[in-house]
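So the structure is just underneath, and the comments pick up after that.
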Number of protein chains: 2
Amino acid sequence: MNRYEQLADRLRNDIRAGLYPPGQRLPSVRRIAMQQQLSIATCISAYRKLEAQGWLEARPQSGFYARTPEALPPRACQTCEHETPGEVTMSERVAQVMRASHRDDLLVLSTAIPHADFLPVKDVRASLARALRHEDAGSARYGEFIGEESLRVQIARRAVESGCQIHPDDIVITTGCQEALTLALRATTRPGDVVAIESPAFFGTLQLIESLGLKALEIPTDASTGMSPDALELALERWPVKACLFCSSFSNPVGASMPDAHKRRILQMLTARDIPLIEDDIYGEMAHDGQRPRVAKAWDRTGHVLLCSSFSKTIAPGLRVGWIVPGRWRREVERLKYGSTMATALLPQRALADYLASGRWERHLNRVNRLYAEQMARMQTAIARHFPAGTRCTRPAGGFILWLELPEDIDALTLQAQALAAGISISPGPLFSPQGKYRNCVRLMCAVRWDAGVDAALATLGSLASSARQRSQ
Amino acid sequence: MNRYEQLADRLRNDIRAGLYPPGQRLPSVRRIAMQQQLSIATCISAYRKLEAQGWLEARPQSGFYARTPEALPPRACQTCEHETPGEVTMSERVAQVMRASHRDDLLVLSTAIPHADFLPVKDVRASLARALRHEDAGSARYGEFIGEESLRVQIARRAVESGCQIHPDDIVITTGCQEALTLALRATTRPGDVVAIESPAFFGTLQLIESLGLKALEIPTDASTGMSPDALELALERWPVKACLFCSSFSNPVGASMPDAHKRRILQMLTARDIPLIEDDIYGEMAHDGQRPRVAKAWDRTGHVLLCSSFSKTIAPGLRVGWIVPGRWRREVERLKYGSTMATALLPQRALADYLASGRWERHLNRVNRLYAEQMARMQTAIARHFPAGTRCTRPAGGFILWLELPEDIDALTLQAQALAAGISISPGPLFSPQGKYRNCVRLMCAVRWDAGVDAALATLGSLASSARQRSQ
C-alpha cells in the first residue's frame, strides 16, 4: 500500500469510528499534509479516493465532508489514475444470467425487467387491440424509417418534463434502448476507440461496447451522484476518449442520480473537447417521489448529446420500442438505423402512441413509482435481516434495482452458482465491470411479486453468503 | 477502347446480327486468337466480358455459346480484373427513394415492398388478434433472446423444402432480414475487410456494408444465373476477401437464380478458404412455378453458410421479423443480437408462428406467386410498348422485381428526378453499385395494384426516357 492509500485507510477508519460524523468537514488538504508530513498531491489522491468510495463529499469552494453511512455506496472502484482502457471481455456468465431470466422455475432477481404486476398489461393489450384495427394492422408496410409520427409526437411532448425542447423529427424510433445505444456508439466511434463509462455499468452496455471493438474506460462513480466529473476530467486529459456514456438518473446498477451541476459540468467538459455524450435515460421516469429529473440533454446547445431511452421499463419490455434523439449525429444515426434494422415494427409503435395519448401513463407511473419505493424498502429490510454483517446496500431514489456490497471475502460468482442451484437467479458484480471488479457485489431486482417465497429466497441467499464467508475464514 | 473491348464489341455485333444464333457455339479462344491475330489472354478477356454481359454462356469442357436474346441480362458490369474494392459511398438518393416510399401521392415502383393486395393482411390480423390473447399480450417480457420457440419450430420445419436440416435452436430470430445480414457481417468481418457481393446488389445491403466500414468487391453477375463462380474464383485469388454475400434465388435487383451446381461450386471454393457465405434467401419462397429452389446452405457440412431470411416479402413487412441460421458463427451472432437489439418484439413472432401453423401460407404463396408472374408479364408488355427502342428487361422466374437496361445515353438519375416530379418513384441503377455503375438502368417493382393509372404512369416513364434520349442526341 502506498502513502496515499495508507492515508485514505486511516481517514476511512476515522470516519467509521465517528471521528468525523456525516456532514462534518474534514481538515483541509493543506492542513492534513502538514499534520501527516505528506505532500499535498498525496493528500489530494487520498481524499479523491475516499470521495470515489463515497466516504467523502467534495463541496466546491468549501472542502471535503464526511458522508452519511446510510448513503454509503458499494465497494469503490479504483481512482481513475490507476485505470487503463481495456478490452471488455464478455463472460459466459452474462449468457447464463440471460438464459436464467426465462426459466419459470427460478426466482429471477437477476434481470432488470419488472414483473408484469408492475406493468400496465391490460391497458397495453387494449391499445394493441385498437392499433390492430388500423389500416392493414401495421403489417403490410415498413412505415417511416425513423418511426411512426404519432409516437414521435408523444415522445416530444413528454420531453418537456425532462427539460428538453425536442421536435418530433429530431427523434428516431429504435428496437428498444439497446438499439438506440448501438446506433449512438456506431455513429460516434470507430473500433479501437476509448469510451468513458460509469463503473459499475450495465452489462448489456459492456457487451455492446465489446462487440463494437471499443475500449471501455471505467470512471469512478458515486452511488448517489453518478460518474465523478473530476475523475472524468482527469480521464479526458489522459486518454483519447471518443465518447462518454452513462445513465444520468437512477442508473443501472448503483441507482445514482447525477446532480444538475454535474450534468452541466460534464456536458461543458465534453462539448469543449467535441466529445459526444451518450445519455441513457431509460430509468428517468422512475423517481420514487415523482420528481422527474432533468436530462443532460436539457443543457445541450450544440447537439453533442445523444439521448437514448425506451418504454421497456415502464410500459412494455416485450414490445421492443425505444428511441434516440441523436443531435448532430442525426443523419448518421438515421442511415445506420435503416442499414441495420430498416425500421421498427409498426403495431407496437402505434399501440404505444395510443397508450401515451390516453394519459394513463402518468397515473401508472405515479402508482408504480410509489410501489417501487416500497419494494425496495422491503428488500433492504430483508437484506439487513438475512445477510452477513458488513453487507451494504444502495438507497436509490428511483427505479427498482439494488446493488449490494457483501463483505470482501465473499465471492459473488460462487454465490451466483449456489443461488442458481437453490432456484434463485442473481447478477454477480463482475458482470458490471470490463475488468471483472466488484467480486463481492451483487445486483438484485426488486420488482418482483412479493410473497413468502421471496422472503424465504432472500433468507436462503443471506445464509449462502454467510456460510461462504465462514468457509473462507 | 483497348483490344479485348474491340473484340468483344465485334463479337457482340455478330451475335446481335444473328451470325451466332442463340445456342450456337463460338470459335474456340485459340482459333479466334489466330483469326484475329490477338493474344489468347485478350480473347479470353473478351469472351469473359461477353459472358458477364450475358451474350455468351460458358459450358465447361465445351466452349462459349451465344445466348437467347430473350434472356439477355441488363447492362453488364465490368469483368472482375478491372475491379478494385472500394468504399461504398451512400447516396442521398437512397434516402430520397426511402422517403418517397411513404408518400401516398406517388406511384411507388421504387421499393421492394409488395402492395397490401399481395399480402395475407386479413389472416395476419387474425393471428395478431389470437396472439394478443396470449399471456400478457407479449408485452411484459423480453422473451427468449434468440426468439420464440414456436416460431423457430415453424421455420425449421419449412427449411426442409429448401434442402436443409435445421434444428430450431440453430435459428436466431431478428428484426427483419436486414438485422440478420447485419449480424452475419458483424460476426464474420472487421472494418476494412473486403466483402464479395453480386453486382448489381440491393442498395440496403450496400448501405449496410458501408456503415460497417467494409469494402465491397463487385463480382460480375449474370441476370439468370447470379454471381459468376469463375469471376468469384479470380477475385478470391486477387483480393483478401473475408466474406461473400449474395441472394441465391430471385435476387434483388436482377432476379437471378443460381443453378445448384454454381451454389455447390461457390460453397466449396469458399469453404476451402474458410470464407463465410452470407446467403440472403429473402425471395426464396417466391418461385413463379412453385418450385422452391434449394439454398446453398443445403450443401453446407462445415457451418460456413450464414443463411438469412425474413417474412417481409411474403407475409408482413411491418412486423419486422426475420431470422438467421448462423452456422459456426452461432455464439457470436447470439452475442451480437443480444448486444444490439436485445430481443425481437414478441407479439409479431407469436402471430407469425400462429399463421404459419395454420397452413395458410402455402396457399397464399401459390396464389401470389402466380399473380407475380402475371404482374411481371404486364409490366414487361407495358415496357415493350412505351419505352425507347433498345430497352432491355430481365425475365426473372420468381419475385416481383424487374431490372431494366435503357439505351446507353439515358441517365437513370435524371429520369428518377423527372419521374418523381411526375408522381412516380423509381430506383435508379447507380444505387445498386458502390461504384455508381448502371447509370442507364432502373429497378421497377411489379407488386402494385394494376389499374389505368399504372399503365399511364409507365407510358409517362417511357416518354420521359425517350425524350431524355432525344435531347441527348
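In what follows, every chain begins at residue 1, and chains take the letters A, B, ... in the order their sequences are listed. All values reported here derive from a predicted model rather than from experimental measurement.
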Heavy-atom distance under 4.5 Å to chain A: side chain of [X], backbone, both or neither?
X       : result
T182(B) : side chain
P114(B) : backbone
L128(B) : both
L119(B) : side chain
L212(B) : both
T174(B) : neither
R190(B) : neither

Minimum heavy-atom separation for [X] and [Y], please, with both atom names.
X       : Y       : result
A343(A) : T175(B) : O-CG2, 4.0 Å
Y338(A) : Q178(B) : O-CG, 3.8 Å
P317(B) : A140(A) : CG-O, 3.2 Å
V121(B) : D136(A) : CG1-CA, 3.7 Å

Roughly how far, to the nearest 0.5 Å, is the [atom2] atom of [Y] from the [atom1] atom of [X]?
X       : Y       : atom1 : atom2 : value
H115(B) : R141(A) : NE2   : CZ    : 8.5 Å
T341(B) : L181(A) : OG1   : CG    : 12.0 Å
S139(B) : Y355(A) : OG    : OH    : 10.0 Å
S312(B) : M342(A) : OG    : CE    : 7.5 Å

Within a 6.0 Å radius of atom CD on E332(A), are there more than 12 heavy atoms belonging to other residues, nucleotides or ligands?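 Atom CD in E332(A) is crowded, with more than 12 foreign heavy atoms closer than 6.0 Å.
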
Between S211(B) and R335(A), does a side chain to side chain donor-acceptor pair (under 3.5 Å) hold up when you go through it step by step? CA-CA 8 Å; S211(B) 75; R335(A) 211 164 60 83; over 6 Å; no

Taking every heavy-atom pair that is under 4.5 Å apart, which of [options] has the most such pairs with chain A?
options                   : value
E179(B), R125(B), R133(B) : R125(B)
G138(B), A180(B), A116(B) : G138(B)
G176(B), S340(B), A129(B) : S340(B)

With a 4.5 angstrom heavy-atom cut-off, could you sort out which part of F202(A) is near chain B: side chain, backbone, both or neither? side chain

Chain B contact via T111(A) - side chain, backbone, both or neither, heavy atoms under 4.5 Å: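 Nothing of T111(A), per the 4.5 Å heavy-atom cut-off to chain B.
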
If you count heavy-atom pairs under 4.5 Å between each of L319(A), T205(A), I146(A), T344(A) and chain B, which one has the most?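 It is L319(A).
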
